[in-house]
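Heads up: the structure comes next, in structure tokens.
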Amino acid sequence: MASTTKQRKRVAAGSIAGAVAAVALVGVIGLNVASANSGSTQADRFGIEMAALSSASSAPSGAFAAEAADASYGASTLSQSSPRNIAAGVSAIEEEENAAAEAERQAKAAEDAAGLSRARNAMSAQGSTGASAGLSEVDWTVGHDAFVEEWSDRIDAFLAGSPLAGQGENFAEAAWDNGIDPRWSPAISKTESSRGAICFLPYNAWGWGASSWDSFDESVKAHVAGLAKGYGYTLSKGAAAKYCPPNTDHWYASTLASMKSI
């Protein structure tokens with residue numbers, strides 16, 4: 001009986017110890033599970049926080065963000081408006097160019113008409129075209145540019161190798177501006193000074209009055225204008241008598257020969 005009671009006590013004690021051990025084991029397992037869950041929550045939180053920080057660091061802030069927004073808006077606006085604005089600008093430029101070209105054309109036409117009118121008036125006033133002296137008539141209907149180009153070359157060829165060499169365009173421009181025969185002044189320079197080689201006064205290649213100049217550029221213009229004002233459109237016997245009274249015939253013949261060679 002006593003042995004049976006002791007055996008029951010040992011069984012009960014073992015059961016209690018087993019229960020305690022089971023409770024302890026469950027507690028340990030629960031603690032581990034809780035720890036594991038707690039770690040997962042912190043990891044999740046850490047990942048979210050890092051993602052938020054990364055997003056915050058990559059996004060523009062403050063004034064920089066505003067500038068970025070403005071630039072984006074400006075680029076968008078430009079891409080939408082540029083084609084229309086460029087087309088309008090090109091059209092405006094074309095209109096300006098066309099207007100300038102038309103104004104230039106009208107100015108040139110007016111200049112050509114004025115040159116032709118001056119020459120015809122001068123021929124009418126003198127009553128001569130030079131044909132009576134055996135000179136070919138000058139074509140004034142070609143306009144300023146063609147006139148100057150033709151007579152520059154012809155006069156330069158006549159003056160080649162002389163102090164007046166290269167003054168062809170100057171003579172031609174002056175003749176156009178004054179409406180006189182472009183051969184007349186260059187021819188007189190040969191009669192009076194061997195084309196500027198023997199000037200009795202500085203840059204006076206025409207034995208003309210008592211005038212001197214600082215360059216042939218100046219004196220050519222002055223002499224051509226003087227012929228138009230005081231002697232008429234082209235060479236004539238009357239003009240020769242006025243220009244060189246002491247030796248009119250020789251002067252006339254020499255000047256005429258030079259004009260025919262130009």
Side-chain angles (χ1 to χ4, degrees), residues 91-160 164-190 203 205-206 208-209 211 213 215-240 242-243 252 255-256 258-262:
S91 178
I93 291 172
E94 288 178 349
E95 289 179 2
E96 290 178 1
E97 290 177 346
N98 291 337
E102 177 61 19
E104 183 178 359
R105 186 194 66 77
Q106 292 182 6
K108 186 177 182 305
E111 180 183 26
D112 291 346
L116 177 60
S117 178
R118 284 190 296 268
R120 285 177 173 172
N121 290 339
M123 284 185 273
S124 177
Q126 189 182 25
S128 174
T129 63
S132 60
L135 292 169
S136 60
E137 294 189 24
V138 176
D139 186 2
W140 293 87
T141 65
V142 297
H144 169 271
D145 294 350
F147 178 94
V148 170
E149 182 178 2
E150 175 188 356
W151 290 104
S152 293
D153 292 343
R154 293 173 67 164
I155 295 169
D156 276 335
F158 175 73
L159 298 173
L164 280 166
Q167 289 290 329
E169 184 175 354
N170 197 12
F171 276 110
E173 287 280 6
W176 175 270
D177 291 342
N178 290 278
I180 71 166
D181 191 322
R183 299 164 290 193
W184 197 10
S185 181
I188 294 174
S189 76
K190 184 175 180 181
Y203 298 101
W206 303 271
W208 188 43
S211 300
W213 292 271
S215 68
F216 281 130
D217 288 345
E218 294 178 356
S219 60
V220 164
K221 293 181 177 69
H223 186 253
V224 173
L227 288 177
K229 184 177 181 179
Y231 299 89
Y233 171 76
T234 192
L235 176 67
S236 67
K237 286 288 185 72
K242 183 177 181 179
Y243 200 104
Y252 174 83
T255 304
L256 179 60
S258 292
M259 291 180 72
K260 287 180 178 180
S261 70
I262 297 175

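This chain uses plain numbering: 1 for the first residue, then up along the sequence.
- Judged as a side-chain contact (heavy atoms from CB on, under 4.5 Å), and not counting sequence neighbours, the contacts of Ser91 are Glu95.
- Of all the heavy atoms in Ala239 and Ser236, the pair that sits closest is N-OG, 3.1 Å.
- Legend: residues meeting side-chain hydrogen bond (donor to acceptor under 3.5 Å, both in side chains) with Asp177, ordered by chain and number and at least two apart, are absent.
- Minimum interatomic distance between Thr234 and Ser128 (heavy atoms only, all atoms of both residues): CG2-OG, 3.9 Å.
- Counted within 6.0 Å of CD on Glu149, heavy atoms from surrounding residues, nucleotides or ligands total 12 or fewer; the atom is thus considered open.
- In terms of heavy atoms, Ile262 sits closest to Ala187 at CD1-N, 4.3 Å.
- Under the ring pair (Phe, Tyr, Trp, His ring centres under 6.0 Å) criterion, the residue pairs touching residues 96-145 are Trp140-Phe147, Trp140-Trp176, His144-Trp176, with sequence neighbours excluded.
- Separating the CG atom in Asp156 from the CD atom in Glu169 is a distance of 8.5 Å, to the nearest 0.5 Å.
- Taking the side-chain contact (heavy atoms from CB on, under 4.5 Å) definition, one finds that Ala133 meets it with Tyr252, Leu256, sequence neighbours left out.
- For Ser211, there are no side-chain hydrogen bond (donor to acceptor under 3.5 Å, both in side chains) partners at least two apart in sequence or on another chain.
- Using modelled atom types, one side-chain atom of Ser152 and one backbone atom of Val148 make a donor-acceptor pair closer than 3.5 Å.
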Q. Run the side chain to side chain contact (heavy atoms under 4.5 Å, CB included) check on Ile188 and Trp208 step by step: do they pass?
A. CA-CA 10 Å; Ile188 294 174; Trp208 188 43; over 6 Å; no

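- Checked against side-chain hydrogen bond (donor to acceptor under 3.5 Å, both in side chains), Thr255 has the following partners two or more places apart in sequence or in another chain: Thr191.
- Not counting sequence neighbours, Tyr233 has no partner by the ring-ring contact (aromatic ring centres under 6.0 Å, His included) test.
- Atom CE of Met123 sits about 9.5 Å away from atom CG of Asp181, to the nearest 0.5 Å.
- Here Phe171 contributes atom CZ and Phe216 contributes atom CZ; the two are 8.5 Å apart, rounded to the nearest 0.5 Å.
- The side-chain hydrogen bond (donor to acceptor under 3.5 Å, both in side chains) search around Glu111 returns none, not counting sequence neighbours.
- Qualifying side-chain contact (heavy atoms from CB on, under 4.5 Å) partners for Lys108, counting only residues two or more places apart in sequence or in other chains: Asp112, Asp145.
- The two residues Gly230 and Lys242 have their closest heavy-atom pair at O-NZ, 2.6 Å.
- Interatomic distance, Gln167 CD to Ile155 CD1, rounded to the nearest 0.5 Å: 10.5 Å.
- The local environment of CD in Glu104 is sparse, with at most 12 non-hydrogen atoms from other residues, nucleotides or ligands closer than 6.0 Å.
- Residues passing the ring-ring contact (aromatic ring centres under 6.0 Å, His included) test with Tyr231 are Tyr243, sequence neighbours excluded.
- Contacts of Trp206 classified as ring-ring contact (aromatic ring centres under 6.0 Å, His included), with partners at least two apart in sequence or in another chain: His223.
- When all heavy atoms of Gly134 and Lys260 are compared, the pair lying nearest together is O-CE, 3.7 Å.
- Considering all non-hydrogen atoms of both residues, Ile180 and Ala228 come closest at CG2-CB, 3.4 Å.
- Judged by distance alone, the side chain of Ser189 and the main-chain N or O of Pro186 form a donor-acceptor pair under 3.5 Å.
- Taking CH2 of Trp213 as the reference point, atom OG of Ser219 lies at 6.0 Å (rounded to 0.5 Å).
- By the side-chain contact (heavy atoms from CB on, under 4.5 Å) test, Ser136 is found to be paired with Arg183, residues two or more places apart in sequence or in another chain being considered.
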